[in-house]
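Following: one structure in structure tokens, then a few remarks.
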Amino acid sequence: VLLIGSLFLKGDNAVFLYNTLTIVRIYLMGISFGIYGLSKRKPFIGVVLGSLIYSMNGYVFYHVLRHPQFALGAIWLPLMIACVDKILSTDGGKRQHILFPLIIALSLFSGYYYHYMNTAALLIYILIRIVASKRDIHPKRAVYIGTEYLIGCGIPAAAWLPSASL
């Protein structure tokens, strides 16, 4: 999605845009982890340090700088987890219920492999969160999360239909 601007550039300008967007993706990794940390009401300095560690580690320097597509999974997962936390908590508002399918749709639109991996990590997180919760979480919330997830997967379905082998 971020590389659409390269359609209008030529030669060295497209290379410059590609390199700039690689750095932007690393920055977005830190911002998404920061959003997750702040949604958990953690101290600001801890969130900033966690975001720096999350976005400036060996994985990033080895894989993401070689192929920026690897950053997509790390960008979307903290946002998915933050939305699930808001839905599972009692103070989850309508805004998070709208954001969750949109984040799922953007994740799937960005790439199905990373979306698949994030889905597996999200399911593990939800199971651990339900089991480790000190209060009872109603099963309707899990069904609601599944419904919102399917709605989010349905949004970019039209973009994936041409590549589907029927």
Side-chain angles (χ1 to χ4, degrees), residues 1-6 14-135 137 141-142 144-146 148-149 152-153 155-156:
V1 174
L2 293 174
L3 293 174
I4 292 175
S6 65
V15 172
F16 175 75
L17 179 67
Y18 184 81
N19 292 332
T20 303
L21 289 178
T22 301
I23 294 170
V24 168
R25 286 181 184 187
I26 294 170
Y27 185 71
L28 288 174
M29 286 171 59
I31 288 175
S32 67
F33 187 84
I35 290 170
Y36 168 69
L38 291 174
S39 74
K40 297 294 275 182
R41 294 180 175 86
K42 299 295 181 188
F44 183 75
I45 189 70
V47 171
V48 170
L49 291 175
S51 295
L52 286 173
I53 292 169
Y54 185 73
S55 62
M56 300 290 174
N57 56 39
Y59 173 82
V60 170
F61 291 131
Y62 186 74
H63 291 292
V64 174
L65 291 179
R66 295 174 103 192
H67 191 357
Q69 196 74 6
F70 283 106
L72 293 175
I75 292 171
W76 297 117
L77 183 61
L79 298 175
M80 289 179 191
I81 291 174
C83 286
V84 165
D85 276 344
K86 289 293 183 184
I87 292 172
L88 289 177
S89 69
T90 57
D91 62 343
K94 292 288 186 191
R95 187 178 72 213
Q96 281 75 24
H97 300 279
I98 294 170
L99 281 178
F100 185 60
L102 291 177
I103 290 172
I104 295 295
L106 287 172
S107 173
L108 185 56
F109 190 71
S110 296
Y112 64 89
Y113 176 74
Y114 300 105
H115 178 74
Y116 160 73
M117 298 304 288
N118 283 345
T119 299
L122 190 65
L123 284 174
I124 292 169
Y125 176 79
I126 291 170
L127 289 175
I128 290 172
R129 173 85 195 278
I130 289 173
V131 169
S133 180
K134 290 183 173 70
R135 61 181 179 82
I137 295 176
R141 296 215 182 196
Y144 184 76
I145 289 172
E148 293 290 312
Y149 179 85
C153 288
I155 293 172

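Under the 4.5 Å side-chain criterion, counting only non-hydrogen atoms from C-beta, F33 is not in contact with I53. Side-chain atoms of L72 and H115, non-hydrogen and from C-beta on, never get closer than 4.5 Å to each other. The closest side-chain heavy-atom distance from Y114 to Q69 is below 4.5 Å.
A distance of 6.0 Å separates CG in L106 from OG in S110, rounded to the nearest 0.5 Å. To the nearest 0.5 Å, the span separating CZ on F44 from OG on S51 amounts to 8.5 Å. We find the NE2-CG distance between H63 and N57 to be 10.0 Å, quoted to the nearest 0.5 Å.
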Step by step, work out the side chain to side chain contact (heavy atoms under 4.5 Å, CB included) result for F109 and I155.
-> CA-CA 9 Å; F109 190 71; I155 293 172; over 6 Å; no
Kindly determine whether S32 and L28 satisfy side chain to side chain contact (heavy atoms under 4.5 Å, CB included), including the steps that lead there.
-> CA-CA 6 Å; S32 67; L28 288 174; over 6 Å; no
So Y36 and D85, side chain to side chain contact (heavy atoms under 4.5 Å, CB included) or not? Walk me through it.
-> CA-CA 9 Å; Y36 168 69; D85 276 344; 3.7 Å; yes
So Y149 and T119, side chain to side chain contact (heavy atoms under 4.5 Å, CB included) or not? Walk me through it.
-> CA-CA 9 Å; Y149 179 85; T119 299; 2.6 Å; yes
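Of the candidates I103, N118, I104, I103 is the only one forming a side chain to side chain contact (heavy atoms under 4.5 Å, CB included) with L79.
Relative ring orientation between F70 and Y59 is described as perpendicular, the plane-to-plane angle rising above 60° on a 0-90° scale split at 30° and 60°. Note on ring orientation: taking the six-membered ring where Trp is involved, the planes of Y113 and Y116 are tilted (angle from 30° to 60°).
In terms of modelled atom types and a separation under 3.5 Å, the side chain of T22 and the main chain of P68 share no donor-acceptor contact. Of the possible donor and acceptor atoms, none in the side chain of N19 sits under 3.5 Å from a partner among the backbone N and O of F16.
Between I26 and M56, the closest heavy-atom pair is CG2-CE, 3.9 Å. Shown here for R25 and A71, the closest heavy-atom pair between the two residues is CB-CB, 4.0 Å. Nearest heavy atoms, M80 versus F100: O-CE1, 4.0 Å. Listed here is the closest heavy atom pair of C83 and L99: SG-CB, 4.0 Å. The nearest pair of heavy atoms linking S55 to G30 is CB-N, 3.7 Å. In plain terms, the two heavy atoms of Y18 and H67 that are nearest each other are OH-ND1, 4.4 Å.
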